[in-house]
Amino acid sequence: MSDAVLNQFTQAVEEEKVSTGRRFKVGIIGTGWIAEAHIESYLDMDDVDIVAMADLIPGKAEKFAAKYNKDGRLDNVHFYKNHEELIDNEPELDAVSVCTYNMTHAECTIYSLKHGVNVLLEKPMCVTTEEAVEICKAEKESGKLLSIGFQPRNDENMKMVKKIVQSGELGKIYYIQTGGGRRRGIPNSTFIEKKTAGIGAMGDIGCYSLDVVLNAIGYPKPLTVTGYTSNFFGTNPKYNNPTDAARFNVEDFAAAFVRLDGGIILDFRIAWAMHPDTPGDTIIFGTEGALRIPSTDCWNGEMSGPMTIYHDVAGEQVQTVVPLLENKGKGLFYKKCRSFLDAIANGDPAPIPSSQILYNQAIIDHIVKSAELGKEVEVVIPEI
């Protein structure tokens with residue numbers, strides 16, 4: 001192992017950010033399971049007042065608040081039946097977390113931005129490229145802050161992926177193989193129907209996998225996509241709950257060959273269910289070296305093992321193992337919510353900007369389009 005190379009990628013020590021000196025009035029739109037991570041994070045902050053919640057299911061938001069009201073901090077929360085009522089009746093609101101199912105991400109976010117409220121939008125950004133563009137337009141016109149919920153960006157090992165690539169140690173990047181997934185891991189609820197989720201495994205875990213590598217290489221524009229999707233496992237009662245199998249109509253597997261600006265090829269595959277335990281590790285190929293990142297079943301913020309750099313040192317082919325790094329301080333969801341609020345207070349750019357995740361969403365959407373047409377498609381992103 002080359003110590004000279006490894007020493008470039010030692011763990012930096014970052015101080016936990018403290019209160020900004022102002023109080024934030026925050027609302028939560030959608031009170032399903034993903035909202036639990038948001039409310040737990042906000043309640044761990046002394047400068048946040050959760051003032052409102054909305055959910056389409058009567059009584060769900062009230063029950064959700066009661067579960068987390070351990071110290072009276074949620075005694076004065078106002079409850080609403082939808083996002084419009086919440087936004088219209090809370091004029092002093094600083095921000096909302098949009099935690100609804102995928103098909104309503106766009107409408108909830110656009111309405112909030114247009115009414116002067118900053119938004120932390122859970123992933124995936126939405127379902128289609130057109131929706132993503134409309135979200136970006138609303139953000140631009142409103143002047144408010146929009147950050148997309150990719151908490152793995154705060155993971156020290158995910159940061160190290162970008163650090164290694166940006167260091168130049170790998171040379172010019174020309175090919176990336178990425179993906180992952182679960183041998184058996186099909187969710188239920190609103191995840192498995194187009195009317196609520198719109199997309200399946202790609203929206204749940206595939207967007208994370210894409211973000212890891214696209215962020216590392218600077219989010220180049222996608223140019224063309226050849227995509228494939230299937231749902232052999234989700235629709236089969238042999239592998240899925242019979243009731244869920246009967247209503248399953250999204251993809252449980254997707255694969256794509258994506259041409260990116262700058263001559264980079266992205267080879268992608270993701271699965272909720274499959275027979276092998278992985279469709280392959282993530283490997284970033286460069287002209288001077290390559291980086292292998294062990295496959296994981298989720299990519300939601302944890303790496304399954306140490307990374308390896310393959311390169312030549314003094315004419316010898318060597319492997320440098322990059323040890324797993326420890327995430328210190330608060331959890332990744334806390335850091336996601338905290339960085340969002342800090343950016344609002346300080347007038348900083350969004351921690352996870354929509355301009356990047358627009359490309360992430362466009363790739364997913366054009367995989368769907370290509371799979372439906374059975375041929376390569378050009379990635380078309382309207383002007384914003």
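Along the sequence shown, residues carry numbers from 1. No hydrogens, no waters, no symmetry mates; every other heavy atom, side chains included, goes into these values. The structure presented is a predicted model; accordingly, all values stated were derived computationally and were not measured.
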Side-chain donor/acceptor of [X] to backbone N/O of [Y], under 3.5 Å:
| X | Y | answer |
| --- | --- | --- |
| Thr104 | Thr100 | no |
| Glu90 | Leu86 | no |
| Asn360 | Cys207 | yes |
| Asn69 | Leu74 | yes |
| Thr129 | Asp365 | no |
| Arg259 | Val225 | no |
| Ser142 | Lys144 | yes |
| Ser370 | Gly227 | yes |
| Asn327 | Glu156 | yes |
| Asp155 | Lys159 | no |

Are [X] and [Y] packed together at the side-chain level, in the sense that at least one heavy-atom pair is separated by less than 4.5 angstrom?
| X | Y | value |
| --- | --- | --- |
| Asn118 | Leu146 | no |
| His38 | Cys99 | yes |
| Leu93 | Val51 | yes |
| Tyr42 | Cys337 | yes |
| Tyr228 | Phe253 | yes |
| Ile205 | Ile270 | yes |
| Ile264 | Ile217 | yes |
| Ile293 | Asp281 | no |

Under-4.0 Å salt bridge between [X] and [Y]:
| X | Y | answer |
| --- | --- | --- |
| Glu122 | Lys336 | yes |
| Glu372 | Lys369 | no |
| Asp277 | Arg183 | no |
| Lys67 | Glu36 | yes |
| Arg22 | Asp94 | yes |
| Arg269 | Asp267 | yes |

*Taking the inter-plane angle between the rings of Tyr80 and His78 on a 0 to 90° scale, is it parallel (under 30°), tilted (30 to 60°) or perpendicular (over 60°)?*
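Geometry flag for His78 against Tyr80: perpendicular rings.
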
*Going by the angle between their ring planes, with limits at 30° and 60°, are His83 and Tyr111 parallel, tilted or perpendicular?*
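Answer is perpendicular, since the angle exceeds 60°.
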
Of the non-hydrogen atoms in [X] and [Y], which two are nearest, and what is the gap between them?
| X | Y | answer |
| --- | --- | --- |
| Pro237 | Ala245 | N-CB, 3.9 Å |
| Pro382 | Val133 | CD-CG2, 3.7 Å |
| Ile381 | Ala362 | CD1-CB, 3.9 Å |
| Phe24 | Ala345 | CZ-CB, 3.8 Å |

Measuring from atom [atom1] of [X] to atom [atom2] of [Y], what distance do you get when rounded to the nearest 0.5 angstrom?
| X | Y | atom1 | atom2 | answer |
| --- | --- | --- | --- | --- |
| Ile186 | Asn240 | CD1 | CG | 4.5 Å |
| Leu341 | Met45 | CG | CE | 5.5 Å |
| Ile148 | Gln361 | CD1 | CD | 9.5 Å |
| Ile284 | Met307 | CD1 | CE | 9.0 Å |
| Met125 | Gln356 | CE | CD | 11.0 Å |
| Asn102 | Phe191 | CG | CZ | 7.5 Å |

Is the closest side-chain donor-acceptor distance between [X] and [Y] under 3.5 Å?
| X | Y | value |
| --- | --- | --- |
| Thr31 | Asp55 | yes |
| Ser295 | Thr278 | yes |
| Ser304 | Thr296 | no |
| Gln151 | Tyr208 | yes |
| Asp211 | Tyr219 | yes |
| Glu139 | Ser354 | yes |
| Glu376 | Thr224 | yes |

_Ile57 with Tyr101, same ILVMFWY side-chain cluster at under 4.5 Å_ =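 They do not share one cluster, since no chain of ILVMFWY contacts under 4.5 Å joins Ile57 to Tyr101.
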
*Find out if a path of hydrophobic residues (ILVMFWY) with successive side-chain heavy-atom gaps under 4.5 Å connects Val377 to Phe257.*
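Val377 and Phe257: separate clusters.
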
Give a yes or no on this: more than 12 heavy atoms of other residues, nucleotides or ligands lie within 6.0 Å of atom [atom1] of [X].
| X | atom1 | value |
| --- | --- | --- |
| Lys63 | NZ | no |
| Phe232 | CZ | no |
| Lys60 | NZ | yes |
| Asp71 | CG | yes |
| Glu302 | CD | no |
| Lys172 | NZ | yes |

*Partner of Arg23 under salt bridge (Lys or Arg N to Asp or Glu O under 4.0 Å), chosen from Asp49, Asp46, Asp47*: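 Among Asp49, Asp46, Asp47, the one that satisfies the salt bridge (Lys or Arg N to Asp or Glu O under 4.0 Å) with Arg23 is Asp49.
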
*Do Phe233 and His275 have ring centres separated by under 6.0 Å?*
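For Phe233 and His275, the ring centres are under 6.0 Å apart.
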
*Identify the residue among Ile34, Leu120, Leu121 that makes a side-chain contact (heavy atoms from CB on, under 4.5 Å) with Ser97.*
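Only match with Ser97 under side-chain contact (heavy atoms from CB on, under 4.5 Å): Leu120.
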
*Decide yes or no on side chain to side chain donor-acceptor pair (under 3.5 Å) for Arg292 and Tyr310, but give the supporting numbers first.*
CA-CA 8 Å; Arg292 181 186 295 275; Tyr310 299 83; 3.1 Å; yes

